[in-house]
Amino acid sequence: MKIATWNVNSLNVRLPQVKGWLEQNPVDVLCMQELKLVDERFPRQDFEDLGYQGVDSFGQPTYNGVATISRAAGRDVVRNIPGFDDAQSRVLTLTVSSEFGDLRIINAYFVNGQEPGSDKFRYKLDWLRHLHGFVAGELRQHPRLVLLGDFNITADDRDSWDPVGLKGTIHHTDEEREALRSLLALGLFDSFRQFEQPEKTFSWWDYRMLGFQKNRGLRIDYVLLSDALRPMLRACHIDRAPRKLPKPSDHAPVVVTLEGAA
DNA sequence: ATGGCATGCTGTGCATGA
């Protein structure tokens with residue numbers, strides 16, 4: 001079973017690339033972020049035609065928006081974080097069936113935060129606190145859980161092209177990293193780091209300054225798995241190929257492979 | 001030191017991203 005996350009930076013613009021990628025990479029579940037699309041305009045039929053009967057989107061105009069597509073319909077869908085009043089569409093949670101039982105999948109577009117000390121940064125930390133509470137509750141009910149998406153946080157210095165120059169700037173602050181550590185402390189682990197990975201492997205590159213060509217990037221897209229899924233994890237990799245296409249998303253997809261008995 | 005690029009909107013520059 002393969003599960004992927006990809007910040008597509010406008011599904012309107014990127015739909016042909018997403019479809020092309022799915023044809024080459026027929027994953028079982030694809031979680032997308034930054035749709036920049038309302039649900040009424042979600043291209044459901046395009047995904048159904050590719051064999052995805054489960055199509056759940058949680059969009060809004062212009063900004064944010066997340067969607068999860070899967071082979072069979074998702075169940076017990078939750079939009080955003082219950083009890084946290086939020087005008088922005090950032091979290092979509094649902095259950096899918098798998099060969100090792102039900103999987104709870106939390107697809108999240110974490111707040112960017114813009115700049116430490118700003119209102120947006122305070123919103124980011126507040127949002128992270130509430131996400132922590134939500135994930136804790138979900139884990140109690142669903143031992144097999146996946147938390148994935150665009151985290152907008154570098155977990156540590158290995159995840160940044162310039163950890164010294166960017167120390168303390170957005171995506172690199174102690175507060176953000178502490179919030180990520182506290183999510184992991186709930187009983188999750190970073191699937192990417194379970195395998196030997198080339199140094200300077202990133203999932204996002206700035207459109208400006210030839211960021212991709214110079215590999216000036218960040219690893220900010222993650223697939224976290226609950227401890228119960230550790231025996232099933234076979235691979236995790238970041239697919240840079242779509243970033244090389246004309247008019248790419250600034251993010252690359254992250255793919256995990258799970259196998260094995262229940 | 002700065003801006004650099006991309007997207008959406010009812011716009012014709014601005015807000016946002018990371």
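Chain letters run A, B, ... following the sequence lines, proteins first and then strands; every chain starts at 1. This one's a predicted model, so the numbers in the text were calculated from it and none came from an experiment.
- We find that CZ of Arg219(A) is positioned 16 Å from P of dA18(B), with the value rounded to whole Å.
- Side chains of His172(A) and Ser160(A): a donor on one and an acceptor on the other come within 3.5 Å.
- With rounding to whole Å, Arg90(A) atom CZ is found 10 Å from dG17(B) atom C1'.
- Both tests do not hold together for Arg144(A) against Phe100(A): distance to the six-membered ring centre under 6.0 Å, angle to the ring axis within 45°.
- The distance between atom CG of Asn7(A) and atom P of dG17(B), rounded to the nearest whole Å, is 11 Å.
- Using a 4.0 Å heavy-atom criterion, one finds that Asn64(A) contacts no nucleic acid atom at all.
- dA18(B) and dT7(B) have their C1' atoms separated by 14 Å, given to the nearest Å.
- Here the C1' atom of nucleotide dT16(B) and the CG atom of Asp250(A) are 12 Å apart, to the nearest Å.
- Look at the C1' atom in both dT10(B) and dA15(B): the space between them is 15 Å, to the nearest Å.
- With ring centers used as reference points, Trp161(A) lies 6.0 Å or more from Trp205(A).
- When heavy atoms are screened at a 4.0 angstrom cut-off, Leu210(A) is found touching no nucleic acid atom at all.
- With C1' as the reference atom, dG4(B) and dC9(B) are 23 Å apart, rounded to whole Å.
- Regarding Gln114(A), its CD atom lies at a distance of 16 Å from the P atom of dC14(B), rounded to whole Å.
- Against the 90° criterion about 0, the sugar-base torsion of dG11(B) places it in the anti range.
- Comparing the C1' positions of dT16(B) and dG11(B) gives an interatomic distance of 15 Å, to the nearest angstrom.
- Spacing of C1' atoms, dG3(B) relative to dG17(B), comes out at 15 Å, to the nearest Å.
- For the pair Arg177(A) CZ and dA18(B) P, the interatomic distance rounds to 17 Å; values are reported in whole Å.
- Nucleotides dA6(B) and dT2(B), compared at atom P, are 23 Å apart to the nearest Å.
- A straight line from CD of Gln60(A) to C1' of dT16(B) spans 12 Å, rounded to a whole angstrom.
- At a threshold of 4.0 Å, the pair Asp157(A)-Arg177(A) counts as salt-bridged, since one of the basic side-chain nitrogens sits closer than that to a carboxylate oxygen.
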Give every pair of a protein N or O atom and an N or O atom of nucleotides 4-10 of chain B that lie under 3.5 Å apart, one pair per line with the distance.
residue: dG4(B); atom: N1; partner: Arg208(A); partner atom: NH1; Å: 3.2
residue: dG4(B); atom: N2; partner: Arg208(A); partner atom: NH1; Å: 3.3
residue: dT7(B); atom: OP1; partner: Arg14(A); partner atom: NH1; Å: 3.1
residue: dT7(B); atom: OP1; partner: Arg14(A); partner atom: NH2; Å: 3.3
residue: dT7(B); atom: OP2; partner: Lys247(A); partner atom: NZ; Å: 2.6
residue: dT7(B); atom: O3'; partner: Ser10(A); partner atom: OG; Å: 3.3
residue: dG8(B); atom: OP1; partner: Ser10(A); partner atom: OG; Å: 2.3

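- Heavy atoms of His172(A) sit nowhere under 4.0 angstrom from any nucleic acid atom.
- Contact check on Asp159(A) versus Arg193(A) returns a salt bridge, with a Lys/Arg side-chain nitrogen under 4.0 Å from an Asp/Glu carboxylate oxygen.
- Asp221(A) comes within 4.0 angstrom of no nucleic acid atom, judged by non-hydrogen atoms across all strands.
- Under a 4.0 Å N-O distance rule, the pair Asp49(A)/Arg44(A) does not qualify as a salt bridge.
- Ring to ring, Phe42(A) and Phe47(A) are close: their centroids are under 6.0 angstrom apart.
- At a threshold of 4.0 angstrom between heavy atoms, the contacts of Tyr109(A) are confined to the sugar-phosphate backbone, with no base atom among them.
- Listed by chain and number, the hydrophobic cluster partners of Met209(A) come to none, as no ILVMFWY side chain reaches under 4.5 Å of it.
- One atom, CZ of Phe110(A), and another, C1' of dT16(B), lie 19 Å apart when rounded to the nearest Å.
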